[in-house]
2 protein chains.
Amino acid sequence: MKNCFSADETNAQQWLACLQANGYRITEPRRAVVETIATSRQALNPFDVFERARAYYPRLGLVTVYRTIEKLEELGLIQRVHQPTGCQAFVTAFSGHQHLLICQSCGRVEFFNGDVEQMDGLMRAVGANSGFQIQDHWLQLFGVCATCQQKISNDSN
Amino acid sequence: MKNCFSADETNAQQWLACLQANGYRITEPRRAVVETIATSRQALNPFDVFERARAYYPRLGLVTVYRTIEKLEELGLIQRVHQPTGCQAFVTAFSGHQHLLICQSCGRVEFFNGDVEQMDGLMRAVGANSGFQIQDHWLQLFGVCATCQQKISNDSN
DNA sequence: CTCTTTGCAAAAGTTTTGCACGCTC
DNA sequence: GAGCGTGCAAAACTTTTGCAAAGAG
């Protein structure tokens with residue numbers, strides 16, 4: 001198993017290229033939003049993005065954040081993260097099916113590859129038992145990342 | 001594997017008893033909300049509950065639905081269902097960890113027991129690789145239930 | 001120069017809060 | 001009777017829409 005998370009500058013460039021390839025224009029507000037989400041390891045909600053992106057482009061409006069998120073999601077570049085605390089946050093989407101590992105303390109999101117054969121077997125078995133035609137699955141793990149574990153144990157000292 | 005869904009009248013009685021045992025009063029509006037959710041096989045959002053529960057108690061207010069849902073969730077009697085289309089719907093929560101199987105056509109929710117040892121193994125492996133201390137997991141399957149499959153194939157004829 | 005994109009303002013939708021009255025225990 | 005629970009109205013949020021002006025290609 002390998003942690004394949006690697007949000008960085010490269011991502012931002014690719015996303016902008018993808019927007020352009022799909023007939024959308026590249027603008028400063030969009031650059032700021034793309035840069036913000038692509039370089040974050042945390043899932044960010046629209047308001048988080050708005051606040052952070054203003055560091056790159058202060059005149060940015062919240063509406064533009066919503067509209068840009070909509071396009072990035074439509075192009076499959078970002079995905080919504082569902083958590084007990086809410087479902088408004090987004091992170092980079094990787095191609096292929098990925099499972100999420102989310103830190104409940106800092107919101108950091110990592111990805112892991114589930115055992116594909118194992119999941120396929122499970123889906124077939126559940127399908128056969130229930131009569132459902134299974135189309136998709138979500139597997140998410142919640143916990144506390146190594147960094148937050150340290151912080152928590154330090155705070156209690 | 002066994003489908004252990006069985007929402008019915010009995011559930012409603014138990015929920016009311018549970019509310020009472022926790023110091024909450026039993027009232028007609030609460031009866032209506034409890035009855036509605038406990039007897040539904042579909043995940044219902046607050047407005048759905050409001051509309052259906054009015055059949056039992058026409059004077060019901062939407063605010064009371066929100067407040068009752070809050071208490072039922074707090075007591076662990078219902079749980080929120082997260083779906084691509086939204087995360088405002090609730091269904092009966094069964095004790096013990098259950099995985100969800102959700103029909104994307106009618107919203108019907110069924111439960112299945114995952115392979116516990118398998119999931120434990122997965123969680124340990126991911127924990128070891130990532131440094132995360134894993135606390136919880138969500139496994140959900142999405143598909144089309146047998147009834148909806150028939151409807152769809154009939155409609156296309 | 002054309003047409004998309006932007007930010008503001010306002011609207012729409014959802015959830016929460018304040019409060020006087022009513023009902024449960 | 002005491003105090004929780006209810007429904008209405010209003011507030012607080014979040015997300016979407018209309019529009020004139022600015023900017024990308």
Side-chain angles (χ1 to χ4, degrees), chain A residues 13 15-37 43-75 77-78 80-90, chain B residues 13 15-37 43-75 77-78 80-90:
Chain A
Q13 295 309 318
W15 293 6
L16 291 169
C18 183
L19 282 167
Q20 196 159 42
N22 282 275
Y24 296 118
R25 293 181 178 174
I26 294 182
T27 63
E28 280 309 301
R30 278 184 186 163
R31 261 182 216 285
V33 171
V34 161
E35 191 80 18
T36 301
I37 303 178
L44 303 178
N45 66 38
F47 195 77
D48 292 334
V49 174
F50 174 65
E51 288 187 311
R52 297 191 186 196
R54 286 196 135 178
Y56 299 94
Y57 186 77
R59 270 182 296 164
L60 183 66
L62 180 55
V63 180
T64 299
V65 174
Y66 276 98
R67 290 193 274 225
T68 305
I69 283 177
E70 186 181 45
K71 285 167 183 55
L72 294 174
E73 195 180 14
E74 164 197 321
L75 294 174
L77 299 170
I78 61 174
R80 191 178 288 267
V81 176
H82 296 261
Q83 294 182 257
T85 53
C87 306
Q88 300 74 38
F90 294 82
Chain B
Q13 295 309 319
W15 292 7
L16 291 169
C18 184
L19 282 167
Q20 195 158 43
N22 283 274
Y24 296 117
R25 292 181 178 173
I26 294 182
T27 64
E28 281 309 301
R30 277 182 188 164
R31 262 183 217 284
V33 171
V34 161
E35 192 79 17
T36 301
I37 304 178
L44 303 177
N45 66 37
F47 195 77
D48 293 334
V49 173
F50 174 64
E51 288 186 311
R52 298 191 185 196
R54 285 195 138 180
Y56 299 95
Y57 186 77
R59 269 182 297 165
L60 182 66
L62 180 57
V63 180
T64 299
V65 174
Y66 276 98
R67 289 193 274 226
T68 305
I69 284 178
E70 185 180 47
K71 283 168 184 56
L72 294 174
E73 194 180 14
E74 164 197 321
L75 295 174
L77 299 170
I78 63 175
R80 189 179 289 266
V81 177
H82 296 261
Q83 294 182 259
T85 52
C87 306
Q88 300 75 38
F90 293 83

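Below, chains carry the letters A, B, ... as their sequence lines are ordered, and counting in each starts from 1.
For B/Q88 and A/V63, each mapped to the nucleotide of DNA chain C holding its nearest heavy atom, the one lying further toward the 5' end belongs to A/V63. Along DNA chain C, the nucleotide nearest to B/Y66 and the one nearest to B/R59 differ in position, and the one closer to the 5' end is contacted by B/Y66.
Rounded to an integer number of Å, the gap from B/F50 CZ to D/dT6 C1' is 13 Å. Between the NZ atom of B/K71 and the C1' atom of C/dT15 there is a distance of 14 Å, given to the nearest Å. What separates CG of B/N45 from P of C/dG13 is a distance of 14 Å, to the nearest Å. Look at CZ on A/R25: it is 9 Å from P on C/dC3, rounded to the nearest Å. Counting to the nearest Å, the P atom of D/dT17 and the CG atom of A/L62 are 15 Å from each other. For the pair B/L60 CG and D/dT6 C1', the interatomic distance rounds to 10 Å; values are reported in whole Å. With rounding to whole Å, B/I69 atom CD1 is found 9 Å from C/dT15 atom P. When the P atom of D/dA24 is taken as reference, atom CD of A/E28 falls 7 Å away, rounded to whole Å.
Counting heavy atoms from C-beta on, the side chains of A/W15 and A/I37 come closer than 4.5 Å.
Distances were taken from every side-chain heavy atom of A/T27 (C-beta onward) to each of D/dT6, C/dT6, C/dT15; the shortest belongs to C/dT6. Comparing D/dG5, D/dG7, C/dC25 by their nearest atom to the side chain of B/Y24 picks out D/dG5. Taking every side-chain heavy atom of B/T64 into account, D/dT6 is the closest of D/dT6, C/dC8, D/dT15.
Of the possible donor and acceptor atoms, one in the side chain of A/R80 sits under 3.5 Å from a partner among the backbone N and O of A/C87.
Here the straight-line distance linking atom OG1 of A/T68 with atom CZ of A/R31 works out to 13.0 Å at 0.5 Å rounding.
Between B/L60 and B/F50 the shortest heavy-atom distance is O-CE1, 3.2 Å.
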